[in-house]
Amino acid sequence: MKAFKRTTVTAALPYANGPKHIGHLAGAYIPADVYVRYLRSQGRDVVFVCGSDEHGTAIPNQAVKENTTPRAIIDKYHVQMRDCFQKLGIAFDIYHRTSEALHHQTSQEIFLALFNKGLLNEEVSEQYYDDEAKLFLADRYIVGTCPKCGNPNAYGDQCEKCGSSLSPRDLINPRSTITGNVPVLRETKHWYLPLEQYEGWLKEWILKGHADDWKTNVYGQCKSWIDAGLQPRAMTRDLNWGIKVPLPDAEGKVLYVWFDAPIGYISATRAFFEEMSSGKLVYAQPQRKFGPVAADDWKKYWQDDETKLVHFIGKDNIVFHCIIFPIMLHAHGEFIVPDNVPANEFMNLEGDKMSTSRGWSIEMHEYLEDFPDKPDVLRYSLLTNLPETKDSEFTWKDFQTRNNSELVNIFGNFVNRALVLTQKNFNNQVPVKGALQPIDEAVIAALREQPGRIAEALEQYRFREATAALMDLARLGNKYLADTEPWKLVKNEGNLERVGTILHIALQIVANLAIAAEPFLPFSAARINEMLNLKTSHWTDAGSDTLLAEGHELGVSSLLFEKIEDEVIARQLEKLHAKKASMNPVAHTVTPLKNEVTFDDFAKLDIRVGRVLTAEKMPKSDKLLKLTVDTGVDKRTVLSGIAKHYTPEEMVGKQVTLIANLAPRKMMGIESQGMILMAEDGDGKLRLLQPNEVVMPGAVVS
RNA sequence: GGCGCGGUAGCUCAGUUGGUUAGAGCACAGGAUUCAUAACCCUGAGGUCGGGGGUUCAAAUCUCCCCCGCGCUACCA
């Protein structure tokens with residue numbers, strides 16, 4: 001194990017196109033924060049950076065949806081996310097944003113460095129350009145007639161009618177969706193990063209170098225990508241929202257959002273040290289003493305191989321953080337690459353995938369509105385159930401149980417017992433520690449060991465285990481009190497010294513709990529310290545049985561956690577279901593009306609009703625069914641992508657509507673002679689189009 | 001279909017250089033107790049370790065086949 005001088009920790013830059021939910025917290029932000037708080041408590045040199053990811057096509061798209069500007073979108077969600085993180089105790093040293101000038105500059109510098117080293121391949125291709133809007137049109141912004149099915153409103157990347165994947169050049173009579181004009185073909189240049197040239201390096205670095213210390217899910221995913229073979233990837237896009245490509249003749253071109261987003265970590269670090277050195281803090285919120293710093297100290301955190309770089313992300317980001325971004329950094333030559341990328345899997349919610357757009361989610365701001373005084377409860381319930389090795393599941397019931405039977409009954413209760421007993425019997429002062437009995441020695445020994453257990457788990461990114469080890473410390477306290485029964489002894493005045501010794505030790509455990517809990521439950525840890533009238537201590541003191549001096553005056557105590565009643569949980573469940581129901585009509589935006597066609601256009605299609613004679617699953621395909629259809633005029637083979645919606649058995653005998661004169665098309669080695677018409681429901685389900693009474697095979701639709 | 005990850009007690013999960021009666025927390029049952037938010041503490045019950053073959057003195061762990069979940073990927077005319 002390499003010894004590092006300092007650590008740079010990043011948490012995935014949240015995309016500023018909407019609110020972020022508790023699954024994101026469980027995936028990246030909470031574990032990252034716990035890890036960093038622990039390092040800080042140890043006095044280690046660490047910087048924790050994050051920020052809003054504000055580029056990419058989805059931002060302008062969201063602006064259209066909300067009927068506003070991209071700028072307004074990113075401002076709105078940047079502030080919302082920043083505030084939520086803060087309220088949840090996610091303590092970044094800086095929460096930056098990729099729309100900042102410094103980030104544009106940093107991204108351009110890195111792009112230019114790669115360019116100047118000749119590491120980017122320039123490729124020119126012809127793409128559609130809108131003269132009036134003066135921009136190249138992304139595939140989605142071009143419509144035209146589908147060459148395959150004649151649909152006049154096919155998109156540049158896909159015909160939604162026949163499902164063909166297209167490229168804009170395939171479209172007949174293309175038009176721009178922005179101005180409606182006919183776009184012209186214009187040559188456009190893009191810059192590609194030849195990922196495949198780094199396969200050897202990746203194999204050495206990841207497959208050999210990190211076989212033991214990376215999580216199996218991360219390692220496996222990387223291996224899968226590397227083994228499958230990498231392709232050159234365009235690092236630029238024709239778009240008017242993003243970071244300008246810093247080259248001549250690159251008008252209207254921006255950096256690919258996945259090129260600039262991870263650089264956001266670097267920019268954030270750079271911004272942090274620039275602000276710290278200038279004394280003008282805008283985004284920086286240093287969470288520890290950094291001492292005097294220089295503006296370019298950020299380089300130490302990114303370019304010194306004695307720095308340990310750790311990316312906390314969800315599993316959807318693995319390829320970017322383990323393959324593409326490291327290649328960028330490695331190719332550049334001056335940067336270090338991550339030592340670990342402890343990506344988590346996904347957290348489901350009440351039996352279904354979490355999804356903001358489907359309304360099946362608990363957004364950070366929603367939780368905070370309903371439970372403004374309970375950030376630690378959410379942190380704890382997520383921590384005990386992080387999707388570390390596989391997808392996990394959040395339920396409100398489990399949230400309640402974690403709160404009631406662990407935070408309240410075990411943790412809060414122990415703290416309260418120790419404090420109340422001291423108030424009642426020792427005037428709220430730390431009693432004198434007298435002669436120790438074997439049970440005291442044993443509990444002190446256990447106390448000394450426990451922080452090491454927590455630390456060991458944290459060093460290995462095992463947060464669930466670490467959280468459990470924290471709770472064990474409170475259990476130790478409860479058991480000690482139960483075993484020594486000071487409330488019984490106190491009835492006999494001769495035992496007062498003995499009772500004092502017991503409570504003295506119990507209070508030392510409470511003080512330790514504040515240290516050990518700080519990374520996990522920072523708000524509660526601070527409250528314990530207040531109740532003990534104690535300044536914050538550090539991990540280096542953890543395990544000590546002399547944190548509180550004899551005679552020390554304690555503060556005012558109150559309950560750390562309160563029970564959550566069944567009604568509160570029931571209300572949340574109702575709220576969740578109501579939200580999902582209310583989202584449905586919105587989520588399924590109805591496809592806009594297509595352009596007018598003439599009767600002649602329509603008449604070209606031979607649409608008729610047929611009957612399915614046989615149906616079987618296409619071998620080696622998940623989606624295709626191979627059908628034999630009686631069309632009245634013949635019996636023919638039609639392939640249809642409905643295997644996820646209908647079984648072969650239920651298709652046999654069914655009447656179907658088909659386009660009988662569609663040009664045959666070969667798929668997976670078999671020719672399909674026609675196309676079955678389906679209606680796609682809002683949830684993506686496909687349903688057959690049938691006459692409402694049985695008609696003869698071959699009946700013409702008109 | 002291919003590739004990757006996972007399938008262990010009612011629930012959430014530990015446990016792979018193969019080795020004594022497979023673990024934890026929660027939930028459940030019984031007991032003890034009353035300082036504490038009816039909490040704590042003790043005891044107990046509960047598992048064909050997805051299924052089946054194989055290697056071995058010995059398999060949750062290695063191997064092969066199959067089933068299920070998740071992700072990536074191919075096929076939606």
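Just so you know, these numbers use all the heavy atoms, side chains as well, and skip hydrogens, waters and symmetry mates. In what follows, every chain begins at residue 1, and chains take the letters A, B, ... in the order their sequences are listed.
Within the nucleic acid shown, A:Lys644 has no heavy atom closer than 4.0 Å to any nucleic acid atom. Residue contacts shown for A:Leu481 are absent, as no nucleic acid heavy atom lies under 4.0 Å away. Residue contacts shown for A:Glu388 are absent, as no nucleic acid heavy atom lies under 4.0 Å away. Counting non-hydrogen atoms under 4.0 angstrom, A:Lys223 reaches nothing in the nucleic acid. Within the 4.0 angstrom heavy-atom criterion, only backbone atoms of the sugar-phosphate kind lie near A:Ser672; the bases stay farther away. Here A:Thr395 lies out of heavy-atom contact (under 4.0 Å) with every strand. Residue contacts shown for A:Lys479 are limited to sugar-phosphate atoms, with no base heavy atom under 4.0 Å away. The residue A:Phe561 sits close to a base: some heavy atom pair falls under 4.0 Å. Using a 4.0 Å heavy-atom cutoff across all strands shown, A:Val420 reaches sugar-phosphate atoms only and no base atom. When heavy atoms are screened at a 4.0 angstrom cut-off, A:Leu560 is found touching base atoms of the nucleic acid. Within 4.0 Å (heavy atoms only), A:Asn413 reaches at least one base atom of the nucleic acid.
Shown here, B:rC26 forms a base pair with B:rG10; the pair counts as Watson-Crick or G-U wobble because both key distances fall under 3.5 Å. Of the nucleotides present, B:rG31 is the one that pairs with B:rC41 by Watson-Crick or G-U wobble criteria, both distances under 3.5 Å. Checking B:rA59 for Watson-Crick or G-U wobble geometry (two distances, each under 3.5 Å) identifies no partner in any strand. Look at B:rC70: its Watson-Crick or wobble partner, with both distances under 3.5 angstrom, is B:rG4. For B:rG46, there is no paired base (Watson-Crick or G-U wobble, both distances below 3.5 Å). Base pairing annotation: B:rU16 forms no Watson-Crick or G-U wobble pair, as no partner gives both donor-acceptor distances under 3.5 Å.
The phosphate of B:rA27 has OP1 or OP2 within less than 4.0 Å of a side-chain N or O from A:Ser405. Listed pair A:Lys563 / B:rA38 fails the phosphate criterion, with no side-chain N or O lying under 4.0 Å from OP1 or OP2. Using a 4.0 Å cut-off, some side-chain N or O of A:Arg475 falls inside it from OP1 or OP2 of B:rC26. Close to B:rA36, at under 4.0 Å from its OP1 or OP2, lies a side-chain N or O of A:Lys424. Applying the 4.0 Å criterion to OP1 and OP2 of B:rU12, one finds that A:Ser381 has every side-chain N and O outside that range. A close approach under 4.0 Å does not occur between any side-chain nitrogen or oxygen of A:Asn416 and OP1 or OP2 of B:rC35. Put simply, A:Lys620 has no side-chain N or O that comes within less than 4.0 Å of OP1 or OP2 on B:rG2. For the pair A:Thr216 and B:rG6, the criterion of a side-chain N or O lying under 4.0 Å from OP1 or OP2 is met.
Counting to the nearest Å, the P atom of B:rA39 and the CD1 atom of A:Ile564 are 15 Å from each other. As rounded to whole Å, 20 Å separates atom P of B:rC40 from atom CD1 of A:Ile502. At whole-Å resolution of the value, CG in A:Leu407 and P in B:rC40 are 13 Å apart. At whole-Å resolution of the value, OH in A:Tyr219 and P in B:rG6 are 13 Å apart.
When the C1' atom is used for both B:rG44 and B:rU63, the distance is 39 Å, rounded to whole Å. To the nearest whole angstrom, the two P atoms, one in B:rG51 and one in B:rA60, are 11 Å apart. When the C1' atom is compared between B:rA9 and B:rA22, the two are found 11 Å apart, to the nearest whole Å. Remark: the separation of the C1' atoms in B:rU43 and B:rU20 is 24 Å, to the nearest Å. A gap of 40 Å separates the C1' atoms of B:rC66 and B:rA29, to the nearest Å. For the C1' atom pair drawn from B:rC42 and B:rG18, the interatomic distance equals 36 Å after rounding to whole Å. Taking the P atoms as reference points, B:rA14 lies 13 Å from B:rG50, given to the whole Å. To the nearest whole angstrom, the two C1' atoms, one in B:rG7 and one in B:rC13, are 13 Å apart.
Here the nucleotide nearest the side chain of A:Lys353, chosen from B:rC70, B:rC76, B:rC13, is B:rC70. Closest to the side chain of A:Asn478, from the set B:rU33, B:rC41, B:rA14, is B:rC41. Of all nucleotides listed (B:rA14, B:rU12, B:rC75), B:rC75 comes nearest to the side chain of A:Met667. In the set B:rC40, B:rG15, B:rU34, B:rG15 carries the atom at the smallest distance from any side-chain atom of A:Arg462. If you check B:rU34, B:rC35, B:rC26 against the side chain of A:Ile410, the one that comes closest is B:rC26. Residue A:Arg417 places its side chain closer to B:rC40 than to any other of B:rC13, B:rC40, B:rC26.
Relative ring orientation between A:His210 and A:Trp214 is described as parallel, the plane-to-plane angle staying below 30° on a 0-90° scale split at 30° and 60°. Ring orientation note: the planes of A:Phe561 and A:Phe411 are nearly perpendicular, at an angle over 60° on the 30°/60° scale. Relative ring orientation between A:His311 and A:His321 is described as perpendicular, the plane-to-plane angle rising above 60° on a 0-90° scale split at 30° and 60°.
Proximity of the aromatic rings of A:Tyr461 and A:Tyr35 is defined here by a centroid distance below 6.0 angstrom, and this criterion is met.
By the neighbour-count criterion of 12 heavy atoms within 6.0 Å, atom CD of A:Glu441 is densely surrounded, having more than that number from other residues, nucleotides or ligands.
Between A:Ala482 and A:Ile676, the residue whose closest nucleotide on RNA chain B is further toward the 5' end is A:Ala482. Mapping A:Asp483 and A:Lys617 onto RNA chain B via the closest heavy atom, the residue that lands nearer the 5' end is A:Lys617.
Under a 4.0 Å N-O distance rule, the pair A:Lys353/A:Asp391 does not qualify as a salt bridge. Looking at A:Lys479 and A:Asp472, no side-chain N of the basic residue comes within less than 4.0 Å of a carboxylate O on the acidic one, giving no salt bridge. The pair A:Lys374-A:Glu562 counts as a salt bridge, with a side-chain nitrogen and a carboxylate oxygen less than 4.0 angstrom apart.
Taken from CG in A:Asn317 to CG in A:Asn344, the straight-line distance is 12.0 Å, to the nearest 0.5 Å.
The base of B:rA74 sits within donor-acceptor range of the side chain of A:Asp622, with an N or O pair under 3.5 Å.
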